[in-house]
Amino acid sequence: MDFGLVLQTDPPASGVVELMKRAEGQGFTYGWTFDSAVLWQEPFVIYSQILANTERLIVGPMVTNPGTRTWEVTASTFATLNDMYGNRTVCGIGRGDSAMRVAGRRPNTLARIDEAMHVIRELAEGREADLGGTTIRIPWIKDGKLPVWMAAYGPRALAMTGEKADGFILQLADPYLTEVMVKAVKDAAVAAGRNPDDVRICVAAPAYVTEDDSPESLAHAREQCRWFGGMVGNHVADLVSKYGEHSAAVPEELTDYIKAREGYDYSHHGRTGNPDTAFVPDEIVDRFCLIGPAGAHIEKLKALRGLGVDQFALYNMQDAKESTIDTYGTTVIPAVNA
């Protein structure tokens with residue numbers, strides 16, 4: 001199993017770079033960041049420094065979207081980084097929940113994501129693509145390689161991921177929902193005539209390692225990770241709005257918990273102590289995240305790997321960033337990959 005580190009690009013950028021260097025030294029192979037230009041610093045500028053200060057780490061956004069950047073600029077940016085540092089980027093893409101809404105726009109449609117994935121990949125790998133009626137090619141790209149991974153929850157998005165994407169990003173670590181959604185992606189890949197093993201599976205969620213499983217330790221860990229249920233809840237609310245509260249299209253194990261959700265202020269997005277996530281119950285934190293002693297993390301990660309997960313990407317927005325990276329490097333990763 002690969003391991004990735006997910007960070008927000010909060011200033012100073014040097015802190016982001018240092019955490020990514022630390023992660024590579026501890027056995028992580030991917031470095032991901034949020035991409036929301038109003039809320040955080042510009043990630044692609046920081047990717048250049050991460051790549052310059054690491055040797056093997058593959059970097060990319062979790063996730064970018066087709067609405068805040070023109071597609072040829074996105075493709076050229078990835079290709080430039082790849083040309084400088086040797087094809088060490090990955091393009092995670094989604095609807096643009098925070099990036100679009102903070103700018104007063106609606107998240108992108110699946111049709112737009114579908115078209116953007118194709119155009120960005122084609123251009124970034126040096127091939128021609130139709131850009132709104134004009135066929136273009138970036139002439140200086142010779143040996144570009146850009147995997148495009150799609151973030152998804154709903155049935156149509158899961159199907160499109162299996163049909164078109166190089167990888168699937170699932171932002172929660174609940175084993176039951178992972179099994180259901182990975183199956184949907186793999187089945188769609190088979191129906192499209194693809195080898196389902198060609199679609200890489202990445203589960204992304206917060207992880208907080210405690211010294212013991214005492215009620216006090218677990219309570220603190222939950223408070224450090226509760227923000228995640230609120231972030232996922234934004235996507236779930238969109239699904240409920242589209243499919244209804246009780247629909248065979250979306251598992252109620254995903255939708256039930258947002259009944260008490262009242263609103264969301266993106267100024268607290270992805271941060272501990274987010275006041276808009278009080279509605280998230282402990283059960284959801286435990287299901288969606290990895291908390292507890294290192295042994296509990298190892299057990300859950302092995303279960304996820306058994307469900308076909310190729311990578312665990314660790315959201316590291318909490319009060320123990322360095323120690324979490326180090327414990328994963330010294331204890332969790334070696335045990336999972338023994």
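Each residue takes its place number in the sequence, starting with 1.
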Donor-acceptor contact present, side-chain T64 to main-chain P61, <3.5 Å = no
Hphob cluster co-occupancy, L110 + F168, side-chain heavy atoms under 4.5 angstrom = yes
Between W40 and F34, how do the two ring planes meet: parallel, tilted or perpendicular, split at 30° and 60°?
-> perpendicular
Do Y208 and F228 make the cut of ring centroids closer than 6.0 angstrom?
-> no
Taking the side chain from N65 and the backbone from R95, do they hold a donor-acceptor pair closer than 3.5 Å?
-> no
Crowding at CZ, R127 (>12 non-hydrogen neighbours, <6.0 Å) = yes
Are any non-hydrogen side-chain atoms of P147 and R200 less than 4.5 angstrom apart?
-> no
From NZ (K145) to CG (N82), nearest 0.5 Å = 11.0 Å
Crowded around E72 CD? As in, over 12 foreign heavy atoms under 6.0 Å?
-> yes
Let me know which of I201, L307, L254, D174 forms a side chain to side chain contact (heavy atoms under 4.5 Å, CB included) with M181.
-> L254
Beyond-backbone contact of K300 with P175, side-chain heavy atoms, under 4.5 angstrom | yes
Might you point out which heavy atoms bring I141 and A79 nearest each other, and give the distance in Å?
-> CD1-CB, 3.3 Å
T161 side chain vs A157 backbone, donor-acceptor pair below 3.5 Å | yes
Return yes if some donor-acceptor pair links the side-chain N/O of N316 with the main-chain N/O of K321 below 3.5 Å, else return no.
-> yes
Check whether any side-chain N or O of R226 sits under 3.5 Å from a backbone N or O of V280 as a donor-acceptor pair, and report yes or no.
-> yes
CG/D282: more than 12 non-hydrogen atoms of other groups inside 6.0 Å = yes
Indicate yes or no: at least one non-hydrogen side-chain atom of I46 is less than 4.5 angstrom from one of M20.
-> no
Any chance you could lay out the side-chain contact (heavy atoms from CB on, under 4.5 Å) test for R261 and V236, step after step, and finish with the verdict?
-> CA-CA 11 Å; R261 180 180 183 270; V236 174; over 6 Å; no
For T210 against S217, the heavy-atom pair lying closest together = CG2-O, 3.6 Å
V119 to D130 - nearest heavy-atom pair and separation | CG2-O, 3.7 Å
Pair Y85-T54, side-chain donor/acceptor within less than 3.5 Å = no
Do side-chain atoms of R194 reach the backbone of V199 as a donor and acceptor pair under 3.5 angstrom?
-> no
Are the side chain of N274 and the backbone of W227 linked by a donor-acceptor contact shorter than 3.5 Å?
-> no
More than 12 heavy atoms of other residues, nucleotides or ligands under 6.0 Å from CD of E299: is that the case?
-> no
Ignoring hydrogens and geometry, is there a side-chain-to-backbone donor-acceptor pair from R305 to V336 under 3.5 Å?
-> yes
Can you check whether Q224's main-chain N or O pairs, donor with acceptor, with T272's side chain at less than 3.5 Å?
-> no
Parallel, tilted or perpendicular: ring planes of F3 versus F28, cut at 30 and 60 degrees | perpendicular
State, yes or no, whether a side-chain contact exists between I333 and Q26 at a heavy-atom distance under 4.5 Å.
-> no
May I ask you to decide if G244's main-chain N or O and S247's side chain share a donor-acceptor pair within less than 3.5 Å?
-> no
Do NZ/NE/NH1/NH2 and the carboxylate oxygens of K242 and D238 come within less than 4.0 Å?
-> no
So W149 and W32, would you call those rings parallel, tilted or perpendicular, with 30° and 60° as cut-offs?
-> tilted
Between NZ on residue K21 and CG on residue N53, distance to nearest 0.5 Å | 5.0 Å
Is any side-chain heavy atom of F44 less than 4.5 Å from a side-chain heavy atom of V73?
-> no
Are M62 and Y266 joined in one hydrophobic group, where the rule is that I, L, V, M, F, W and Y side chains link up if heavy atoms are under 4.5 Å apart?
-> yes
For the residue pair H269 and Q8, establish whether any side-chain heavy-atom pair is separated by less than 4.5 Å.
-> no
Contact summary for V16 and D10, nearest pair of heavy atoms = CG2-O, 3.8 Å
Heavy-atom closest contact (R112 atom, P66 atom, distance) = NH2-O, 3.1 Å
Heavy-atom check, side chain of V232 versus side chain of Y257, under 4.5 Å = yes
Under a 4.0 Å N-O cut-off, is there an ion pair linking R121 with E125?
-> no
Which pair of non-hydrogen atoms, one from L57 and one from E24, has the smallest distance, and what is that distance?
-> N-OE2, 3.0 Å
